[in-house]
Amino acid sequence: MAKTELIGKVTAFRQSKFKQDSYQTIVQMASLDVAAKAIGARAVWLREDGVRILGRVVARHGSNGAVRVRWNRGFPPQALGSQVKILP
């Protein structure tokens, strides 16, 4: 049985009133149950030239099916709005 990969869209960096965290992003998933199953899964962002950044889904965010992803290195701001693969 093949593992299915999920797709999410990066919507924003995690931020507070006075700072922004470039190592954590908010990723919008398809639904609440998909977001709940994705906690602990690996996340991969691929650029066109082959560069990839690895991360992990750490928690749910809000009540509309978004999750927080912590990246191993800083996430580029040009990639906001792009797709991320979630590998369970």
Side-chain angles (χ1 to χ4, degrees):
M1 184 164 102
K3 291 184 178 180
T4 59
E5 60 184 34
L6 306 170
I7 301 293
K9 182 178 179 182
V10 179
T11 58
F13 285 109
R14 183 180 184 195
Q15 60 187 5
S16 65
K17 186 174 179 181
F18 296 110
K19 73 174 193 172
Q20 175 175 306
D21 189 0
S22 64
Y23 283 86
Q24 291 190 29
T25 57
I26 308 301
V27 175
Q28 183 66 40
M29 302 297 286
S31 64
L32 280 173
D33 57 341
V34 172
K37 292 177 185 176
I39 295 175
R42 295 184 186 271
V44 178
W45 176 75
L46 294 171
R47 198 165 65 187
E48 288 82 21
D49 62 353
V51 173
R52 64 182 189 165
I53 299 177
L54 303 175
R56 189 168 292 275
V57 177
V58 293
R60 285 188 3 196
H61 180 83
S63 61
N64 287 330
V67 293
R68 283 188 300 145
V69 176
R70 182 175 294 138
W71 301 99
N72 292 344
R73 55 184 273 198
F75 195 77
Q78 294 87 357
L80 292 176
S82 63
Q83 290 188 343
V84 173
K85 292 181 183 178
I86 308 292
L87 307 171

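- Met29 is listed as a side-chain neighbour of Ile86, based on a closest heavy-atom distance under 4.5 Å.
- Residues Lys85 and Ile7 have side chains in contact (heavy-atom distance under 4.5 Å, counting atoms from C-beta outward).
- Criterion: ILVMFWY side-chain heavy atoms under 4.5 Å apart, direct or through other members. Under it, Leu6 and Ile53 are part of a common hydrophobic cluster.
- Shown here are the salt bridge (charged side-chain N to carboxylate O under 4.0 Å, His left out) partners of Arg70, two or more places apart in sequence or in another chain: there are none.
- In this structure Asp33 satisfies the salt bridge (charged side-chain N to carboxylate O under 4.0 Å, His left out) test with no other residue, sequence neighbours excluded.
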Checklist line | Evaluation steps, side chain to side chain contact (heavy atoms under 4.5 Å, CB included), between Arg68 and Ile26 | finding: CA-CA 5 Å; Arg68 283 188 300 145; Ile26 308 301; 3.6 Å; yes
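- Val10 and Leu87 fall into different hydrophobic clusters, where Ile, Leu, Val, Met, Phe, Trp and Tyr residues are linked whenever their side-chain heavy atoms come under 4.5 Å apart, directly or through other members.
- Annotation for Thr25 and Phe13: closest pair CG2-CD2, 3.8 Å, computed over non-hydrogen atoms.
- When all heavy atoms of Gly40 and Arg56 are compared, the pair lying nearest together is O-NH1, 2.6 Å.
- The shortest non-hydrogen separation linking Ala35 to Ala66 is CB-O, 4.5 Å.
- Rounding to the nearest 0.5 Å places OG of Ser82 at 9.5 Å from CG of Leu46.
- In this structure, the side chains of Leu54 and Arg42 stay at 4.5 Å or more apart for every pair of heavy atoms.
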Next item on the list: Report the C-alpha distance between Val69 and Gln24 in whole Å, list the side-chain angles of each, state the deciding distance to 0.1 Å, and finish with yes or no for side chain to side chain contact (heavy atoms under 4.5 Å, CB included).
Entry: CA-CA 5 Å; Val69 176; Gln24 291 190 29; over 6 Å; no
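- In this structure, the side chains of Val27 and Trp45 stay at 4.5 Å or more apart for every pair of heavy atoms.
- For the pair Arg60 and Ile39, the tightest heavy-atom approach, listed with the atom from each and the gap, is CG-CD1, 3.7 Å.
- When the side chains of ILVMFWY residues are joined at heavy-atom separations under 4.5 Å, either directly or via intervening members, Val34 and Val84 end up in a single hydrophobic cluster.
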